[in-house]
Amino acid sequence: MDGMIQLDDMDCEFKEEILSRVPGANLDLCFTCGTCTGGCPASEQFGMDPRKFLRMLLLGMDDEVKQSPWAWVCTMCARCKTVCPMEIDIPKMIYNVRGSWPREKRPKGILGSCDQHIRTGNAMGVPSEDFAWTVEDVAEEIRNEHPGFENLQASVDRVGAVMALNQNSREPVTEPDEMGPLLKILHIAGVDWTYPTVMWGGENYCMFLADDEGWRYITEEFVYHIEHNLGCKVVINTE
Ligand code: SF4
Ligand code: SF4
């Protein structure tokens with residue numbers, strides 16, 4: 001029709017960029033049912049929700065999409081993708097929006113935690129020897145004060161253990177007792193396990209930062225250590 005803007009005429013550069021990075025993404029199939037928005041914990045934050053965000057992207061509102069702080073309040077829970085009748089991968093779209101931000105402009109808290117993890121092996125910056133000390137301290141307290149667990153063992157970097165277990169680094173610092181229940185479960189189950197001291201933090205702020213390189217570096221260092229140095233066959237990611 002004369003005078004009307006046709007969708008095909010609209011400039012959707014950022015959408016095309018995302019489609020080039022996410023092969024098979026089916027963003028155009030959205031029929032605005034709103035199911036994604038209904039279960040999204042980030043809906044209405046900054047006046048935004050996943051359906052609206054996707055519509056803006058499809059309509060070529062590139063600057064608004066790229067600059068919206070909403071991309072950073074998404075939890076990456078993937079509820080939206082799970083319930084979407086068209087299986088649209090909204091978290092991956094949001095991940096790419098985050099990746100379009102200059103690294104230094106991304107939220108300081110997430111950025112700092114990612115950098116800390118790359119530098120020290122965990123987001124809290126806990127030295128490996130302090131982590132090892134805390135693990136043994138928690139185990140000793142359980143042995144001494146919890147009847148039935150007198151023989152509980154918790155090791156760090158034990159070569160030949162079948163299973164490697166990572167650990168959210170906040171617990172050894174702020175709530176070391178919270179580590180106890182898992183140690184007890186592993187003991188009762190008779191699991192042959194150990195904590196690694198390389199990249200032992202189970203959290204993954206580089207993923208939330210959309211820092212592919214940092215994420216890859218952390219994962220590769222972790223895998224190399226448990227495979228080549230410890231010989232573990234199984235990994236349990238506790239996060
Ligand atoms: S659930 Fe899927 S189809 Fe429905 S509005 Fe959300 S993205 Fe679009
Ligand atoms: S992944 Fe993000 S957009 Fe999707 S439901 Fe979770 S918080 Fe909402």
Student: Using side-chain heavy atoms (C-beta onward) and a distance below 4.5 Å, is Leu58 in contact with Lys15?
Tutor: yes
Student: Would you please test Glu203 and Ser169 for side chain to side chain donor-acceptor pair (under 3.5 Å) and show each step?
Tutor: CA-CA 7 Å; Glu203 59 277 354; Ser169 63; 2.7 Å; yes
Student: Under a 4.5 Å cut-off applied to non-hydrogen side-chain atoms, are Glu178 and Glu171 in contact?
Tutor: yes
Student: Answer with yes or no whether the hydrophobic clustering places Tyr205 together with Phe131; edges join I, L, V, M, F, W, Y residues whose side-chain heavy atoms lie under 4.5 Å apart.
Tutor: no
Student: Within this structure, what is the CE-SG distance for the pair Met93 and Cys74, rounded to the nearest 0.5 Å?
Tutor: 8.5 Å
Student: For the CD atom on Glu213, are there more than 12 heavy atoms of other groups (residues, nucleotides or ligands in this structure) within a distance under 6.0 Å?
Tutor: no
Student: Quick one, Gln67 with Trp101, criterion side chain to side chain contact (heavy atoms under 4.5 Å, CB included). Give me CA distance, side-chain angles, the key distance, then yes/no.
Tutor: CA-CA 8 Å; Gln67 288 163 15; Trp101 282 48; 5.6 Å; no
Student: How many angstroms lie between atom CD1 of Ile88 and atom CG of Asn26, to the nearest 0.5 angstrom?
Tutor: 5.0 Å
Student: For the cysteine pair Cys114/Cys206, does the gap between the two SG atoms stay under 2.5 Å?
Tutor: yes
Student: Given side chains that start at C-beta, do those of Asp62 and Met56 come closer than 4.5 Å, heavy atoms only?
Tutor: no
Student: Given 3.5 Å as the limit, does a donor-acceptor pair link the side chain of Arg98 with the main chain of Met207, or not?
Tutor: no
Student: Heavy-atom count check: over 12 atoms from other residues, nucleotides or ligands less than 6.0 Å from Lys233 NZ?
Tutor: no
Student: To the closest 0.5 Å, what do you measure between CG (Leu230) and OG (Ser155)?
Tutor: 9.0 Å
Student: Check the surroundings of atom NZ in Lys184: do more than 12 heavy atoms from other residues, nucleotides or ligands lie under 6.0 Å from it?
Tutor: yes
Student: So, for Leu54 and Cys30, which heavy atoms are closest and what is the spacing to 0.1 Å?
Tutor: CD2-CB, 3.6 Å
Student: Look only at the side chain of Asn168 and the backbone of Gly201, and say whether a donor-acceptor pair between them is shorter than 3.5 Å.
Tutor: no
Student: Given the rule in the side chain to side chain contact (heavy atoms under 4.5 Å, CB included) test, do Leu165 and Thr238 qualify, once you have shown the distances and angles that lead to the verdict?
Tutor: CA-CA 7 Å; Leu165 195 75; Thr238 56; 4.0 Å; yes
Student: Are Leu209 and Tyr217 connected in a single hydrophobic cluster, I mean Ile/Leu/Val/Met/Phe/Trp/Tyr linked by side-chain heavy atoms less than 4.5 Å apart?
Tutor: no
Student: Quick one: closest heavy-atom pair of Val135 and Ala154, and the distance?
Tutor: CG1-CB, 3.7 Å
Student: Which distance, rounded to the nearest 0.5 Å, do you find between the CD of Gln116 and the CD1 of Ile118?
Tutor: 10.5 Å
Student: Which heavy-atom pair separates Gly125 from Thr120 by the least distance, and what is that distance?
Tutor: CA-OG1, 3.3 Å
Student: Do the ring planes of Tyr195 and Trp193 sit parallel (below 30°), tilted (30 to 60°) or perpendicular (above 60°)?
Tutor: perpendicular
Student: Treat each ILVMFWY residue as a node, draw an edge where side-chain heavy atoms are under 4.5 Å apart, and state whether Met124 and Phe208 are in one component.
Tutor: no
Student: In sequence, state the C-alpha distance, the side-chain angles, and the governing distance for Tyr224 and Asn229, and then conclude on side chain to side chain contact (heavy atoms under 4.5 Å, CB included).
Tutor: CA-CA 7 Å; Tyr224 184 88; Asn229 297 336; 4.2 Å; yes
Student: Considering only heavy atoms from C-beta outward, does the side chain of Ile110 approach that of Ser113 to under 4.5 Å?
Tutor: no
Student: Search all heavy atoms of Thr134 against all heavy atoms of Pro176 and return the closest pair with its distance.
Tutor: CG2-CB, 3.9 Å
Student: Taking everything shown except Arg170 itself, do over 12 heavy atoms lie less than 6.0 Å from its CZ?
Tutor: no
Student: Same cluster or not: Trp200 versus Val235, using hydrophobic residues (I, L, V, M, F, W, Y) connected whenever any side-chain heavy atoms lie under 4.5 Å apart?
Tutor: no
Student: Can you see which heavy atom on Leu152 is nearest to which on Leu183, and at what distance?
Tutor: CD1-O, 3.6 Å
Student: Can you list the steps and then say if His117 with Asn204 is a side chain to side chain donor-acceptor pair (under 3.5 Å)?
Tutor: CA-CA 8 Å; His117 202 148; Asn204 193 338; over 6 Å; no
Student: Is it true that a side-chain atom of Glu129 and a backbone atom of Pro127 form a donor plus acceptor pair closer than 3.5 Å?
Tutor: no
Student: Report whether Ile226 and Ile236 are members of the same hydrophobic cluster (ILVMFWY, side-chain heavy atoms less than 4.5 Å apart, transitive linking).
Tutor: no
Student: Dump the intermediate steps for side chain to side chain donor-acceptor pair (under 3.5 Å) on Tyr95 and Asp89, then the final yes or no.
Tutor: CA-CA 10 Å; Tyr95 185 88; Asp89 199 339; over 6 Å; no
Student: State, with a plain yes or no, whether a side-chain heavy atom of Met163 is found less than 4.5 Å away from one of Cys232.
Tutor: no
Student: Checking the side chain of Thr194 only, and the main-chain atoms of Ala164 only, is there a donor and an acceptor separated by less than 3.5 Å?
Tutor: no
Student: Using the side chain to side chain contact (heavy atoms under 4.5 Å, CB included) rule, take Val97 and Phe14 through it: C-alpha gap first, then chi angles, then the decisive distance, then the call.
Tutor: CA-CA 9 Å; Val97 172; Phe14 193 41; 3.7 Å; yes
Student: Donor-acceptor pairs under 3.5 Å, side chain of residues 42-53 to any protein atom, not counting sequence neighbours: which ones?
Tutor:
residue	atom	partner	partner atom	Å
Ser43	OG	Thr37	O	2.9
Asp49	OD1	Thr37	OG1	3.1
Asp49	OD1	Arg51	N	3.1
Asp49	OD1	Lys52	N	2.8
Arg51	NH1	Thr32	O	3.0
Lys52	NZ	Gly47	O	2.9

Student: Tell me whether Asn96 contacts the main-chain N or O of Lys92 through its side chain, where contact means a donor paired with an acceptor under 3.5 Å.
Tutor: yes
Student: Any heavy-atom pair between the side chains of Arg103 and Leu111 that's under 4.5 Å?
Tutor: yes
Student: Which atom pair, heavy atoms only, marks the closest approach of Thr75 to Pro41?
Tutor: OG1-CG, 4.0 Å
Student: Got a second to check how far Asp28's CG is from Met86's CE, nearest 0.5 Å?
Tutor: 10.5 Å
Student: Under the ring pair (Phe, Tyr, Trp, His ring centres under 6.0 Å) definition, can you give me all pairs with a residue in residues 139-158, not counting sequence neighbours?
Tutor: Phe149-His187
Student: Report yes if some heavy atom in the side chain of Ile90 is under 4.5 Å from a heavy atom in the side chain of Cys36; otherwise report no.
Tutor: yes
Student: A quick test of your reading: do over 12 heavy atoms of other residues, nucleotides or ligands sit less than 6.0 Å from CD of Glu239?
Tutor: yes
Student: Using a strict 4.0 Å threshold on nitrogen-to-oxygen distance, state whether Asp211 and Arg216 make a salt bridge.
Tutor: no
Student: For a 4.5 angstrom cut-off between non-hydrogen side-chain atoms, does Glu136 reach Glu140?
Tutor: yes
Student: Rounded to the nearest 0.5 Å, what's the gap from NZ on Lys66 to CG on Leu57? Could you check?
Tutor: 10.0 Å
